[in-house]
Structure formats: C-alpha cells, structure tokens
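First the structure, in the form of structure tokens, and then the observations on it.
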Amino acid sequence: MCGLQYLHEQYGAHLWVFETQEDILAHPEAYKLPCLWRRPMRPSRVFQDGETFRWEGISFTAVETPGHAKHACAVSFEIDGCRFVHAGDTIGRVMAGPTLGGPIFQNGFSPGDFLESVTKLRDLAPDYILTGHWGALQVDGAFFDEAIRQARTLNDVLWELVAVPEE
C-alpha cells in the first residue's frame, strides 16, 4: 500500500481501491497496519465485492479475499483466452506446493479467512495466479485442493488454540 502514494504523486496514477480499503487510505492515522502510508489518500474509484469493471477493453472482477490481510481483494481477468487472478500475498508457491500468506494477526487475520479466500480463488478457475512475492504461478485443480487442505488445517489448529471458541 505504500507504493500507492508514490505512484499517485510521481505519475498522477488514479487510485482505484476495494471497498474495505477506502477508509484505511482516507484515514491512515486511525489504523495500526504494516505497509501503510501515513498521508491520507482519496480514491477516484471504489469497487464493491463481486463488482465487474472495464479498463483498456478488459473486464476485471474484484473479490474480497481476507487472509493475508483483512482488507485484501483479488482481481480476476482474462486475456487471450487465459484466466488470471491477481491474489497479492494471499497465496503463493514454494517447492513443496502452495503456501498461504500468513497468518499475520496484525493485518486483522481471523480463523477461516484463508479457507474462504482460497475457495473463492479456486472458484474463479484461473490458469495463472499473480502474486505479490512469488511471481506469476500456473495453477490447476490439484494446487487448489492442496491449498484448501492447508487452509482447513490452519483453521482447525487455530480453533483448537482458542480457550472459549464461542466467545
């Protein structure tokens, strides 16, 4: 998120954000989040969960994907018959297979977030995931099966650690 202010100030880039990010960027002093620029920014466009929009002739869909950060979203699109999802830091790949981008509790993580997000990413049926740290990853059903298994395991472990889950 720190790069948004730089792109706006240096290049006049328009700030298009997901609905859960609007207040954070407008009132950064009210949030204790890593990677947050401390100067307020006003977006020129705000997207809702599931909203489809067009830019440069390409249709994009914004989808809420909490996990790495409570306020995260993924953006899906198709070019030349290939389906892409920009998933940021939510998911990546290491030698052993998929890796989840957390949990990072300071980012507002809650149990179940990765399971929700990985399921949404799978349902978008991408050929490639564009990530924040692992580059572009070609993915398939087996990749998502393993990621969902990891997300379920993480969810189960976290709930076992909670003394009074109903609270």
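As the structure is a computational prediction, the values presented were derived from the model and not from experiment. Just so you know, these numbers use all the heavy atoms, side chains as well, and skip hydrogens, waters and symmetry mates.
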For this session: Compare every heavy atom of Gly132 with every heavy atom of Asp89, then report the nearest pair and how far apart it is.
Result: OD1-CA, 3.2 Å

Exercise. In the single-linkage hydrophobic clustering (I, L, V, M, F, W, Y; side-chain heavy atoms under 4.5 Å), do Ile129 and Phe77 co-cluster?
Worked result: no

For this session: Apply salt bridge (charged side-chain N to carboxylate O under 4.0 Å, His left out) to the pair Glu9 and Arg39, showing each step before the final yes or no.
Result: CA-CA 11 Å; Glu9 291 176 357; Arg39 287 198 300 253; 2.5 Å; yes

For this session: I would like to know whether Tyr31 and Asp23 meet side-chain contact (heavy atoms from CB on, under 4.5 Å); could you show each step before the answer?
Result: CA-CA 9 Å; Tyr31 295 87; Asp23 191 65; 2.5 Å; yes

Exercise. Should Leu154 and Val94 be regarded as members of a common hydrophobic cluster, given that ILVMFWY residues are connected when their side-chain heavy atoms come within less than 4.5 Å of each other, either directly or indirectly?
Worked result: yes

Exercise. Is it the case that one hydrophobic cluster holds both Val46 and Leu15, taking links as side-chain heavy atoms less than 4.5 Å apart, direct or via other members?
Worked result: yes

For this session: Flag the pair Thr20 / Lys70 as yes when at least one side-chain heavy-atom distance between them is below 4.5 Å, and no otherwise.
Result: no

For this session: Please report the shortest heavy-atom distance between Ser76 and Val85, naming the atom on each side.
Result: CB-CG2, 3.8 Å

Exercise. CD of Glu64 to CD of Glu116: how many Å apart, nearest 0.5 Å?
Worked result: 6.0 Å

Problem set entry | Step-by-step side-chain contact (heavy atoms from CB on, under 4.5 Å) determination, Asp113 to Leu115 | CA-CA 5 Å; Asp113 283 353; Leu115 185 56; over 6 Å; no

For this session: Determine whether Trp55 and Ile58 fall in the same hydrophobic cluster, where Ile, Leu, Val, Met, Phe, Trp and Tyr are linked whenever their side-chain heavy atoms lie under 4.5 Å apart.
Result: yes

Problem set entry | Reported CD-to-CG distance for the pair Gln150 and Asp145, which is rounded to 0.5 angstrom | 11.5 Å

Problem set entry | Derivation and outcome, side-chain contact (heavy atoms from CB on, under 4.5 Å), residues Ile91 and Val118 | CA-CA 8 Å; Ile91 193 169; Val118 172; 4.2 Å; yes

For this session: Taking the side chain as every heavy atom from C-beta outward, state whether Val139 and Arg93 have any pair of such atoms under 4.5 Å apart.
Result: yes

For this session: Please tell me if the side chains of Trp134 and Thr99 come closer than 4.5 Å, counting only heavy atoms from C-beta onward.
Result: yes

Exercise. Are the aromatic rings of Phe109 and Phe114 close, with centres under 6.0 Å apart?
Worked result: yes

Exercise. For Phe60, does its backbone N or O pair with a side-chain atom of Arg54 as donor and acceptor, under 3.5 Å?
Worked result: no

For this session: Working to the nearest 0.5 Å, report the span between CD of Glu51 and CD of Glu19.
Result: 8.5 Å

For this session: Would you indicate whether the side-chain heavy atoms of Arg122 and Ile148 approach each other to under 4.5 Å?
Result: yes

For this session: State the NE2-OG1 distance between His86 and Thr65, to the nearest 0.5 angstrom.
Result: 10.0 Å

Exercise. Are Ser59 and Thr52 linked by a side-chain donor-acceptor pair shorter than 3.5 Å?
Worked result: no

Exercise. Just wondering, do Phe84 and Asp127 contact through their side chains at under 4.5 Å, heavy atoms?
Worked result: no

For this session: Measure up the Tyr11 and Tyr6 rings against each other and bin them: parallel (under 30°), tilted (30 to 60°), perpendicular (over 60°).
Result: perpendicular

For this session: Check whether more than 12 heavy atoms from other residues, nucleotides or ligands sit under 6.0 Å from atom NE2 of His14, and answer yes or no.
Result: no

For this session: Measure across Ala13 and His8 and return the closest heavy-atom pair with its distance rounded to 0.1 Å.
Result: O-ND1, 3.0 Å

Exercise. Would Phe18 and Leu121 show up in the same hydrophobic cluster when neighbours are defined by side-chain heavy atoms closer than 4.5 Å?
Worked result: no

For this session: Could you grab the distance from atom CG of Leu161 to atom CG of Asp156, nearest 0.5 Å is fine?
Result: 11.0 Å

Exercise. Is there a side-chain contact (heavy atoms from CB on, under 4.5 Å) between Phe47 and Val75 once you walk through the steps?
Worked result: CA-CA 10 Å; Phe47 301 104; Val75 179; over 6 Å; no

Exercise. Looking only at heavy atoms, which two atoms of Trp159 and Pro111 are closest? And how far apart?
Worked result: NE1-CB, 3.3 Å

For this session: Please round to the nearest 0.5 Å and tell me the distance separating atom CD of Glu56 and atom CD1 of Ile79.
Result: 10.5 Å

For this session: State, yes or no, whether a side-chain contact exists between Lys120 and Asp49 at a heavy-atom distance under 4.5 Å.
Result: yes

For this session: Would you name the heavy atoms of Ala72 and Gln21 that are closest together and state the gap between them?
Result: CA-NE2, 4.3 Å

Exercise. With a 4.5 Å limit on heavy-atom distance, are the side chains of Pro66 and Ser117 in contact?
Worked result: yes

For this session: State whether Trp16 and Arg45 meet the cation-pi test: NZ (Lys) or CZ (Arg) under 6.0 Å from the six-membered ring centroid, and within 45° of the perpendicular axis.
Result: yes

For this session: Identify the heavy atoms of Val17 and Pro43 that sit nearest to each other, and give their distance.
Result: CG2-CB, 3.7 Å

Problem set entry | Pro28 vs Pro40 side-chain heavy atoms within contact, under 4.5 Å | yes

